[in-house]
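All values below come from the heavy atoms of this structure, side chains included, with hydrogens, waters and symmetry mates left out.
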Amino acid sequence: MDQSDVAGDLADILLTEEQLGTRLDEMAAQIDADYAGKDLLLVGVLKGAVMVMADLSRRLHHPVEMDWMAVSSYGSGTRSSGVVRILKDLDSDLSGRNVLIAEDIIDSGLTLSWLVQNLRSRGPASVEIATMLRKPEAAKVDVDVRYVGFDIPNEFVVGYGLDYAEKYRNLPFIGTLAPHVYS
Ligand code: IMP
Ligand code: MG
């Protein structure tokens, strides 16, 4: 899917496919260095993190295992509440593992902050976060994030895994939507 397929729906392109790729190269190199000689379990949060997980993991030279979680944050529309429900739990036992959560975006931070606490309670050796995007101005709780792709303004974005009403996840870049899409 490309820009021309959704041309009328987009207001702006915030990050191109190339920009995302270049940053992922850097993040992967840092992760390779940080986890050298250590076991590493990547945990992806469905559905938004699918692209980050696929593209980041393929750039790593480090052998990894991958597991997936699906959580739902109670809240209306585009706001999250911090009350989280597990829709699909991990298959893996985390005891003694080095866990790296792969995420699409940290907005309020409420979902991730809950998730990190939840995973830490399962006895892992470490739990860190790698996120493609972060909105510093939207933060409601402090989340300690080891790897951040880009800090972006407090705007609703789509593409590269991120949806609006389940659409636009398969855009290879990150963009903002034209106002008429929301109404
Ligand atoms: P948080 O709990 O507010 O940090 O965000 C939880 C989830 O809300 C993210 O994992 C995304 O799935 C979704 N989300 C937050 N901001 C955006 C956005 O700008 N576009 C699409 N989804 C978003
Ligand atoms: Mg998400």
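- The two residues L20 and P172 make their nearest non-hydrogen contact at CD1-O, 3.6 Å.
- Residues passing the side chain to side chain contact (heavy atoms under 4.5 Å, CB included) test with R23, sequence neighbours excluded: E26, M27, M132, F150.
- A heavy-atom distance below 4.5 Å is found between the side chains of I106 and I129.
- With a 4.5 Å cut-off on side-chain heavy atoms, V45 and L112 do not count as touching.
- Interatomic distance, CG of L133 versus CD of E103, reported as 10.0 Å (0.5 Å rounding).
- Residues that satisfy the side-chain hydrogen bond (donor to acceptor under 3.5 Å, both in side chains) test with S95, not counting sequence neighbours, are D93.
- Residues in residues 155-172 take part in these salt bridge (Lys or Arg N to Asp or Glu O under 4.0 Å) pairs, two or more places apart or across chains: K47-E166, D163-R169, E166-R169.
- Looking only at side-chain heavy atoms (C-beta outward), V158 and V181 stay at 4.5 Å or farther from each other.
- In this structure, K140 contributes its side chain and L110 its backbone to no donor-acceptor pair below 3.5 Å.
- When the salt bridge (charged side-chain N to carboxylate O under 4.0 Å, His left out) test is applied to D142, no partner is found at least two apart in sequence or on another chain.
- The shortest non-hydrogen separation linking V127 to R120 is O-NH2, 2.9 Å.
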Table please: side-chain donor-acceptor pairs of residues 32-44 below 3.5 Å, with sequence neighbours left out.
{"unit_1": "D32", "atom_1": "OD1", "unit_2": "H61", "atom_2": "N", "d": "3.1"}
{"unit_1": "D32", "atom_1": "OD1", "unit_2": "H62", "atom_2": "N", "d": "3.0"}
{"unit_1": "D32", "atom_1": "OD2", "unit_2": "H61", "atom_2": "N", "d": "3.0"}
{"unit_1": "D34", "atom_1": "OD2", "unit_2": "R146", "atom_2": "NH1", "d": "3.4"}
{"unit_1": "D34", "atom_1": "OD2", "unit_2": "Y147", "atom_2": "OH", "d": "2.6"}
{"unit_1": "D39", "atom_1": "OD1", "unit_2": "R97", "atom_2": "NE", "d": "2.9"}
{"unit_1": "D39", "atom_1": "OD1", "unit_2": "R97", "atom_2": "NH2", "d": "2.7"}
{"unit_1": "D39", "atom_1": "OD2", "unit_2": "R97", "atom_2": "NE", "d": "3.4"}
{"unit_1": "D39", "atom_1": "OD2", "unit_2": "N98", "atom_2": "N", "d": "3.0"}

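- A side chain to side chain donor-acceptor pair (under 3.5 Å) check over residues 1-12, counting only residues at least two apart or in different chains, returns the pairs D9-Y168.
- Every residue meeting the side-chain hydrogen bond (donor to acceptor under 3.5 Å, both in side chains) condition with S92, not counting sequence neighbours, appears here in chain and number order: D67.
- Closest non-hydrogen pair, L177 versus Y182, comes out as CB-OH, 3.6 Å.
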Test log, rule side chain to side chain contact (heavy atoms under 4.5 Å, CB included), inputs L115 and V84: CA-CA 8 Å; L115 190 60; V84 178; over 6 Å; no
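- Taking both residues in full, the closest heavy atoms of A125 and G96 are given as CB-O, 3.5 Å, listed atom of the first, atom of the second, then distance.
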For residues 50-58, dump all side-chain donor-acceptor pairs below 3.5 Å to protein atoms at least two apart in sequence or in another chain.
{"unit_1": "D55", "atom_1": "OD1", "unit_2": "R58", "atom_2": "NH2", "d": "2.6"}
{"unit_1": "D55", "atom_1": "OD2", "unit_2": "Y160", "atom_2": "OH", "d": "2.7"}
{"unit_1": "S57", "atom_1": "OG", "unit_2": "M53", "atom_2": "O", "d": "2.6"}
{"unit_1": "S57", "atom_1": "OG", "unit_2": "A54", "atom_2": "O", "d": "3.3"}
{"unit_1": "R58", "atom_1": "NE", "unit_2": "A54", "atom_2": "O", "d": "2.9"}

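- For N170, the side chain to side chain contact (heavy atoms under 4.5 Å, CB included) partners are M1, not counting sequence neighbours.
- Within the model, atoms CG of D104 and OG1 of T131 stand 6.5 Å from one another, a figure rounded to the nearest 0.5 Å.
- Legend: residues meeting side chain to side chain contact (heavy atoms under 4.5 Å, CB included) with D89, ordered by chain and number and at least two apart, are M69, I86, R122.
- Scanning for side chain to side chain contact (heavy atoms under 4.5 Å, CB included) contacts around E137 gives N154, with sequence neighbours left out.
- Taken from OG in S113 to CG in D144, the straight-line distance is 11.5 Å, to the nearest 0.5 Å.
- Looking at every heavy atom in both residues, I174 comes nearest to G159 through CD1-O, 3.7 Å.
- Closest non-hydrogen pair, V143 versus G109, comes out as CG2-O, 3.5 Å.
- In this structure, CG on D107 lies 10.0 Å from CG on L162, to the nearest 0.5 angstrom.
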